[in-house]
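Single-structure report; data block below.
Residue numbers run from 1 in the order of the sequence given. This is a predicted model, so every value here is computed, not measured.
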Amino acid sequence: TGDPEAARMVEHTLEAMARGGLYDQLGGGFARYSVDGQWAVPHFEKMLYDNALLLSAYLHWWRLSGGALAERVARGTADFLVRELATVEGGFASALDADSDGREGACYIWTPDEIRDVLGDRDGTATAQLFQVFPRGNVEGGASTLRLPEDPPDWPAHHRAVARLLERRAQRPRPARDDKVVAAWNGLAISALAEAGVLLDDPRYSEAALSAGRLLVDVHLTDDGRLRRVSRDGVRGHPAGVLEDYACVAEGFLVLYAVTGDAEWFTRTEALLEQVLDRFADGAGGFYDTAADAERLVSRPRDPTDNATPSGQATTAAVMTSVFGLTGETRYREGAEALLRAVSAIAERVPRFAGKALSVVEALADGPRQVAVVGSEGDPSRRDLVAAAFRLRHPGIVIAQGDGMSSGVALLDARTPVAGKAAAYVCHDFVCDLPVTDPADLLAEQTSS
């Protein structure tokens, strides 16, 4: 909407979270929640789903603002996911515990003396003040969380201090890690990291997302196309996937398709969506959280509300909207609209429980906007146009890329390079503007529409 008050509220919240103790000022990533009103002291557990969703939020803030803080926190959170939660098999572990050595937060809190012991009296005193670490402390025992209310005056010196503190912290007892791989949460991480790889121009993030996608395909998907919810050490667990697993994994696969242009990810998305339509539909436009052939319960659950993670129903609506944008098949748009009508009362009364659904409403109201990029595989110009397409701010934008030949994705049909150059087509409901070959011209599109 361009509402400046909404933007102010978002920026205030994101900056407060990033500068407080909720964010790990040394190693990146967010703790689970704050226990005070100033974002100073967290419950120190770190969850995969929180960090995946917050990575997406800070990437979007950076897309809108170009601000240094947004980019720094996005990189720090992506680095945390890859460094701390990636498993040997290629997926992402569920969480790090809050405790280490029997004390909550022991790995993360500091006293002024501990900082001076690492950095020396002069640099240690200055760094302790910068991080708001004072003798009285703000947690039990006189230690403090690290906060960064203002940027340091000397970034290179700050980075050196952080590296030395991290080296010392690595000698402390580590929090235990919950190594089970949850399909839905890995889907969220795939979406965020694949996008981060493009926006932040760091292929490590995209490669981590691809590795997690391959693990889900190789381990969590069964031969009949069904999804299992968990695995550990590369071994598939017994619990069947629920609606949020199918929806979040499908959404992650869509982002992998947009980033790589590999139509296999789009094909797998369609297959997961067909599983949802066949086995989770309630016959009235909505969906149950469990499949028709799942374990029989007293009441078959169906929760349309967002909580710590987006609801399976809202995420299904998002996937339907994106697949409609890629295929033009109206049954997907109609399915998304039916789902959104079912949660409209919730959105009106308690919108904080319908954030994902409302974002899909915005995407549908905008078209959804579609971008088709065509060019030779490996052409840097094609890669640059895709990166520019990810910078566009339209809600729920749908991106497809290919070489201009048969791809099986309707959005790419009849789209061709221009005079041998990679080209981008911006479309609404498959009616496209003239193609552009310069990323700057593609970015200029959002200011003229």
Side-chain angles (χ1 to χ4, degrees), residues 56 59-60 63 187 190-192 194-195 197-199 206 209 247-273 310 314-337 339-340 356-375 382-383 385-404 407-415 422-433 435-436 439 442-443 445-446 449:
S56 292
L59 284 171
H60 193 47
R63 181 191 285 115
I190 289 167
S191 295
E195 185 179 38
V198 175
L199 286 173
S206 299
C248 291
V249 171
E251 193 167 45
F253 286 179
L254 277 177
V255 183
L256 287 179
Y257 167 63
V259 167
T260 66
D262 184 347
E264 175 195 352
W265 297 112
F266 172 68
T267 301
R268 292 195 179 279
T269 297
E270 283 193 307
L272 288 171
L273 190 51
T315 308
T316 297
V319 173
M320 285 182 163
T321 299
S322 295
V323 174
F324 162 72
L326 292 167
T327 65
E329 293 189 31
T330 56
R331 65 182 179 121
Y332 294 129
R333 178 169 190 136
E334 291 167 354
E337 290 172 342
L339 272 171
L340 295 170
K356 182 72 172 183
L358 289 169
S359 74
V360 181
V361 170
E362 286 194 318
L364 284 169
D366 192 53
R369 201 76 55 110
Q370 304 151 306
V371 180
V373 179
V374 289
R382 171 174 148 182
R383 184 193 62 226
L385 286 168
V386 170
F390 271 91
R391 290 289 302 272
L392 294 173
R393 302 167 186 171
H394 307 296
I397 196 162
V398 177
I399 300 171
Q401 61 165 310
D403 57 12
S407 66
V409 179
L411 181 58
L412 293 175
D413 290 349
R415 318 289 177 223
Y425 296 76
V426 178
C427 314
H428 299 76
D429 202 12
F430 293 89
V431 177
C432 301
D433 298 335
V436 298
L442 179 56
L443 288 169
E445 182 275 339
Q446 65 191 357
S449 57

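- In this structure, Phe390 and Ile397 have side chains that are not in contact, with every pair of non-hydrogen atoms separated by 4.5 Å or more.
- In this structure, the separation between CG on Leu254 and CH2 on Trp265 is 11.5 Å, given to the nearest 0.5 Å.
- Residues forming a side chain to side chain donor-acceptor pair (under 3.5 Å) with Glu264 (at least two apart in sequence, or on another chain): Arg268.
- Taking each heavy atom of Arg415 and Ala372 in turn, the nearest pair found is CG-CB, 4.1 Å.
- Smallest separation of non-hydrogen atoms from His428 and Asp366: CD2-O, 3.9 Å.
- Between Ala357 and Ala314 the shortest heavy-atom distance is N-CB, 3.7 Å.
- Judged by distance alone, with hydrogens and angles left aside, the side-chain atoms of Ser359 form a donor-acceptor pair with the main-chain N or O of Lys356 at under 3.5 Å.
- Within the 4.5 Å cutoff, no side-chain heavy atoms of His394 are placed close to those of Pro368.
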Begin from the C-alpha positions of Leu364 and Leu340 and carry the test side-chain contact (heavy atoms from CB on, under 4.5 Å) through to its verdict. CA-CA 10 Å; Leu364 284 169; Leu340 295 170; 3.5 Å; yes
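- Residues Val374 and Gln401 have side chains not in contact (no heavy-atom distance under 4.5 Å, counting atoms from C-beta outward).
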From CA spacing to verdict: side-chain contact (heavy atoms from CB on, under 4.5 Å), Val319, Thr269: CA-CA 8 Å; Val319 173; Thr269 297; 4.2 Å; yes
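- Side-chain contact between Phe430 and Leu411: present, with at least one pair of heavy atoms (C-beta onward) separated by less than 4.5 Å.
- Proximity of Arg383 to Val198: side-chain heavy atoms (C-beta onward) are nowhere separated by under 4.5 Å.
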Determine, step by step, whether Val371 and Leu392 satisfy the side-chain contact (heavy atoms from CB on, under 4.5 Å) criterion, reporting the C-alpha distance in whole Å, the side-chain angles of both residues, the deciding distance to 0.1 Å, and the verdict. CA-CA 10 Å; Val371 180; Leu392 294 173; 3.9 Å; yes
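- In this structure, CD1 in Ile190 is found 12.0 Å from OG in Ser206, a value given to the nearest 0.5 Å.
- Scanning both residues, Tyr257 and Ala400, for their nearest heavy atoms gives OH-CB, 3.5 Å.
- Looking at Tyr332 and Thr321, their side chains never come closer than 4.5 Å, going by heavy atoms from C-beta outward.
- At least one donor-acceptor pair under 3.5 Å links the side chain of Gln370 to the backbone N or O of Asp429.
- The CZ atom of Phe253 lies 10.0 Å from the OG atom of Ser191; values are rounded to the nearest 0.5 Å.
- The minimum heavy-atom distance between Ala389 and Leu442, with the atom names listed, is N-CD2, 3.7 Å.
- What you find for His60 and Arg393 is that their closest heavy atoms are CE1-O, 4.5 Å.
- A 4.5 Å side-chain heavy-atom check between Val249 and Leu272 finds at least one atom pair inside the cut-off.
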From CA spacing to verdict: side-chain contact (heavy atoms from CB on, under 4.5 Å), Arg369, Val398: CA-CA 6 Å; Arg369 201 76 55 110; Val398 177; over 6 Å; no
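- The shortest side-chain heavy-atom distance between Thr327 and Glu270 falls under the 4.5 Å cut-off.
- Residues satisfying the ring-ring contact (aromatic ring centres under 6.0 Å, His included) test with Phe324, not counting sequence neighbours, are none.
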